[in-house]
Amino acid sequence: MVKISLIGAGSVVWSMMVIRDLSLTKALAGAKVTLMDIDEKRLNMSYDLALRYIKEVKADLKIEKTVDRKKALDGSDFVINAVKVDGYRFMEDERQIGESHGYYRGVDDRVSDYYGGFAGYRQLNFFLDLAKDMSKICPNAWYLQVANPVFEGTTIVHRYGGVKAVGICDGSLAYKKILNVLKIDEKDVEVQVGGFNHCVWLTKFLYKGKDAYPLIDKWIAEDSENYWRSDEYFAQPWNDQMSRAAVEMYRLYGTFPLGDTTRSVSPWWFHTDLKTKEKWFASGGPDSEVGWTMYLYHLKERADELKKVYENSEFKITDAFPPEKSQEALIPFIESIVSKKASRLILNVPNKGSIEGLPDDVMVEIPVKVDGKGISNEKIGKLPSKVMIHIMMPRWQRMEWILQAFKDGDKQSLILGLMEDHRTETYEQAKALVDDLLSREWNSELKKHYS
């Protein structure tokens, strides 16, 4: 029997995505799923909905719940980490503190990627603790990272956690949005991607065996302006794959960015104020005052909807979660390892020479072959020089200073990291912000760590 443990199962949407995809995967019939969370109320909700779902779809899964992490790990073959420590509790406060020191949108702007010493400490500390528990309790299990920051998180776990670590994110699948805009069929397309999580590039794009980049160029020249004026574009701030920002990054660096790349490593001059953000991104983009407010609103709206489903035992769960597989690589990865049936997936894995110019122990997001033997990386080779020099190398170095500051408990490195921020005018400004953030009650553990 395959045992899959979901740590952070109080995230109902994630839990139900896992349960739904598992329920629809025949090769994993009979699997045991352990839902674990320290929030017992949210855990009970996920557990109840999961039981109702597998009953409705007549799936062969065994579900259990626990608040004990070590119990969840015992006997596990796959451990999914979906934990966001403290959720978004302190994010707005820390954003306002950052703005009071002259940092528009705070130091965690482009939040899903820029986990410096603050939100980053809580996440990285948990990731390592979980991995070290796994190395003792279930040393042969796969550690599957879905919680952000995937780049820093999987790299530190790979280096120091003592387990087999894989990072999973669907951002690279944003190439499908390009296909939709270009109105071409996916079955006629061959795609290769390469980079870091949230810093991924369309390294190969063929349509019917021929270079498809000219189709993008044609769309930019003839159709992009009409698209950027359309209701379809403005309706969703997260609709950034074919934004002005993405096209400008293509013009600047020579390769098309995918998914969250347009927000997490786009040039700083795209983000100086709301008016500028609105120029480059639909409605200012996901990290603007407008976009982030909409995101939090939709999170609450979805949570309220699921609560109503939970409280009404007669409501069909399949109406809220239709029995259709997601595009996430999570369950397909487990299926390929267990069934030994090979598949090509996009995962975050140790580089091992796949992208030239990067160390072997840095985690890269690339296509891989997965089967019963494990993972075989697809060779990417050299990335275009401007992408490598202006984007990849600075992003790699930023990851390294974040990990160095965390591993060494080095407050000075937090300040030096901020000195690289274009908004920093003086050393005193950066130091004052770090001191202010570390002085807050909710950061007392961080203050002790970065002593």
[atom2] on [Y] to [atom1] on [X], rounded to 0.5 Å:
X      : Y      : atom1 : atom2 : answer
Thr293 : His298 : OG1   : NE2   : 11.0 Å
Ile63  : Leu35  : CD1   : CG    : 6.0 Å
Glu99  : Arg423 : CD    : CZ    : 9.0 Å
Met249 : Thr261 : CE    : OG1   : 6.5 Å
Thr154 : Phe196 : OG1   : CZ    : 10.5 Å
Ile80  : Ile168 : CD1   : CD1   : 7.5 Å

Exercise for the section: Go through the steps to decide whether Asp260 and Val200 satisfy the test side-chain contact (heavy atoms from CB on, under 4.5 Å), and finish with yes or no. Expected result: CA-CA 8 Å; Asp260 287 305; Val200 193; over 6 Å; no

Does a donor on one side chain sit under 3.5 Å from an acceptor on the other, for [X] and [Y]?
X      : Y      : value
Ser266 : His271 : yes
Gln145 : Tyr143 : yes
Lys65  : Asn44  : yes
Thr262 : Asp240 : yes
Ser288 : Glu278 : no
Asp371 : Ser336 : no
Lys176 : Gln327 : yes
Glu94  : Trp442 : yes
Gln429 : Thr424 : no
Gln192 : Thr203 : yes
Asn197 : Arg395 : no
His158 : Asp361 : no

Exercise for the section: List the steps and the verdict of side-chain contact (heavy atoms from CB on, under 4.5 Å) for Asp77 and Ile4. Expected result: CA-CA 6 Å; Asp77 300 291; Ile4 302 164; over 6 Å; no

With a 3.5 Å distance limit and no angle check, can you tell me whether [X] reaches the backbone of [Y] through a side-chain donor-acceptor pair?
X      : Y      : result
Gln241 : Gly259 : yes
Asn351 : Leu358 : yes
Lys164 : Asn140 : yes
Thr272 : Trp268 : no
Gln123 : Val85  : yes
Ser135 : Val163 : no
Ser326 : Glu328 : yes
Asp410 : Ala405 : no

Exercise for the section: Answer whether the closest heavy-atom distance between the side chains of Asp360 and Pro350 falls below 4.5 Å. Expected result: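 With C-beta onward as the side chain, the pair stays apart.
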
Salt-bridged, [X] to [Y], with N to O below 4.0 Å?
X      : Y      : result
Arg89  : Asp86  : yes
Asp273 : Lys277 : no
Glu378 : Arg344 : yes
Asp74  : Lys70  : no
Lys41  : Asp39  : no
Asp60  : Lys26  : no
Asp133 : Arg69  : yes
Glu92  : Arg95  : yes
Lys341 : Glu335 : no
Arg263 : Asp287 : yes

Practice task
Evaluate the side-chain contact (heavy atoms from CB on, under 4.5 Å) criterion for residues Val146 and Leu144: first the C-alpha distance (whole Å), next the side-chain angles of each, then the deciding distance (0.1 Å), finally the verdict.
Solution key: CA-CA 7 Å; Val146 298; Leu144 306 180; 5.6 Å; no

How about [X]: does its [atom1] atom have over 12 heavy atoms from other parts shown lying under 6.0 Å from it?
X      : atom1 : result
Ile38  : CD1   : no
Glu441 : CD    : no
Glu289 : CD    : yes
Met419 : CE    : yes
Lys62  : NZ    : yes

On a heavy-atom basis, which atom in [X] and which in [Y] lie closest, and how many Å separate them?
X      : Y      : value
Arg244 : Lys279 : CD-O, 2.9 Å
Ala82  : Ala147 : C-CB, 3.9 Å
Asp68  : Thr66  : N-OG1, 3.0 Å
Ser76  : Ala141 : O-CB, 3.3 Å
Asn443 : Leu437 : ND2-O, 2.8 Å
Met45  : Ala303 : CE-O, 4.5 Å

Practice task
Identify the residue among Lys307, Lys308, Arg302 that makes a side-chain hydrogen bond (donor to acceptor under 3.5 Å, both in side chains) with Glu305.
Solution key: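 Exactly one pass, corresponding to Arg302.
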
Could you tell me how the ring of [X] sits relative to the ring of [Y]: parallel (under 30°), tilted (30 to 60°) or perpendicular (over 60°)?
X      : Y      : answer
Tyr253 : Trp201 : perpendicular
Tyr121 : Tyr450 : perpendicular
Phe333 : Phe78  : perpendicular

Output a table of donor-acceptor pairs, distance under 3.5 Å, between side-chain atoms of residues 310-320 and any protein atom two or more places apart or on a different chain; print 'none' if there are none.
{"residue": "Asn312", "atom": "OD1", "partner": "Glu314", "partner atom": "N", "Å": "3.1"}
{"residue": "Thr318", "atom": "OG1", "partner": "Glu56", "partner atom": "OE1", "Å": "2.7"}

Exercise for the section: Starting from the C-alpha separation in whole Å, work towards a yes-or-no answer on side-chain hydrogen bond (donor to acceptor under 3.5 Å, both in side chains) for Trp396 and Glu400. Expected result: CA-CA 6 Å; Trp396 163 38; Glu400 295 290 1; 2.9 Å; yes

